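Before any comments, here is the structure.
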Amino acid sequence: MAMIETPSKDIADLIARCALRDRAAFRTLYERTSAKLFGVILRILKDRSEAEDAIQDVYVKIWQRADRYVAGNTSPISWLVAVARNHSLDVLRARRPTSDDIDVALEIPDAGPSPERATQNNQEKVQIENCLGTLEPDRADAVRGAYLDGYSYEELAARYTVPLNTMRTWLRRSLIKLKDCLST
């Protein structure tokens with residue numbers, strides 16, 4: 001499941017060809033996007049064998065619903081990720097028991113952070129946002145895209161129409177600035 005970097009226009013074209021029942025386009029779409037979608041599914045389900053089953057179901061849905069993708073409304077990879085994410089969430093919902101006794105629910109510990117940890121997390125988030133604010137807007141957006149949204153360097157370079165090595169330099173220098181800002 002190796003991910004081959006493909007511009008959004010190419011992926012949108014493959015989806016459009018899948019809507020026309022082009023099996024070769026579907027195979028190519030699978031080859032170019034399955035690694036990314038598998039990562040999304042695995043991150044949600046946290047079970048490799050369940051994720052392997054789910055990825056197959058996701059591509060069946062993509063094949064069946066390719067005609068529903070409207071180019072220009074969202075990026076094609078976002079649409080594919082949404083299909084994978086929604087299917088994964090459906091799988092999670094199906095895992096849950098239909099109902100539990102309310103007394104059992106009272107004994108379940110709160111898995112969320114403690115109030116102290118939540119406050120600390122908030123403070124760290126504010127500090128990170130403040131430090132991101134010291135970067136040039138396009139650099140800050142590139143950092144968010146790479147490290148929060150999971151875009152590859154190639155995807156970001158295409159988005160900002162800069163050479164790949166320039167994008168790497170942007171991100172490296174931005175991370176150095178962020179590290180300096182966060183350590184003060």
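Just so you know, these numbers use all the heavy atoms, side chains as well, and skip hydrogens, waters and symmetry mates. Everything quoted here is computed from the prediction, not taken from an experiment.
Side-chain contact between R43 and F38 is absent, with no heavy atoms from C-beta onward closer than 4.5 Å. Counting heavy atoms from C-beta on, the side chains of R95 and L92 come closer than 4.5 Å. Proximity of D47 to S49: side-chain heavy atoms (C-beta onward) are separated by under 4.5 Å at one or more points. The side-chain heavy atoms of L29 and L80, taken from C-beta on, include a pair separated by under 4.5 Å.
A salt bridge does not link R159 to E155: none of the charged nitrogens lies less than 4.0 Å from a carboxylate oxygen.
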Side-chain donor-acceptor pairs under 3.5 Å in residues 60-72, sequence neighbours left out?
residue	atom	partner	partner atom	Å
K61	NZ	H87	ND1	2.9
Y69	OH	T74	O	2.9

With a 3.5 Å cut-off and sequence neighbours excluded, list the donor-acceptor pairs that the side chains of residues 126-137 form with protein atoms.
residue	atom	partner	partner atom	Å
Q127	NE2	L182	O	3.3
E129	OE1	R144	NH2	3.0
N130	ND2	V126	O	3.4
T134	OG1	C131	O	2.5
E136	OE1	R139	NH1	3.3

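Of the possible polar contacts, none joining the T166 side chain to the V162 backbone as a donor-acceptor pair under 3.5 Å is found.
Under 3.5 Å, the side chains of S88 and D90 contain no donor-acceptor pair of N or O atoms.
Within the structure, ring-ring contact (aromatic ring centres under 6.0 Å, His included) contacts touching residues 110-144 (residues at least two apart or in different chains) do not occur. Residue pairs that meet the salt bridge (Lys or Arg N to Asp or Glu O under 4.0 Å) test with at least one member in residues 167-184, sequence neighbours left out, do not exist here. Each ring-ring contact (aromatic ring centres under 6.0 Å, His included) pair with one or both residues in residues 131-162, not counting sequence neighbours, appears once here: Y160-W170.
When all heavy atoms are compared, the tightest approach of L164 to A157 is CA-CB, 3.9 Å. In this structure, M167 and A142 approach most closely via the heavy-atom pair SD-CB, 3.9 Å. Nearest approach of L14 to A25, heavy atoms of both residues: CD2-O, 3.8 Å.
Taking R17 as the reference, D22 meet the side chain to side chain donor-acceptor pair (under 3.5 Å) condition, with sequence neighbours excluded.
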**Study point:** side chain to side chain contact (heavy atoms under 4.5 Å, CB included) between L171 and L156, worked out
**Key:** CA-CA 10 Å; L171 292 171; L156 290 169; 4.3 Å; yes
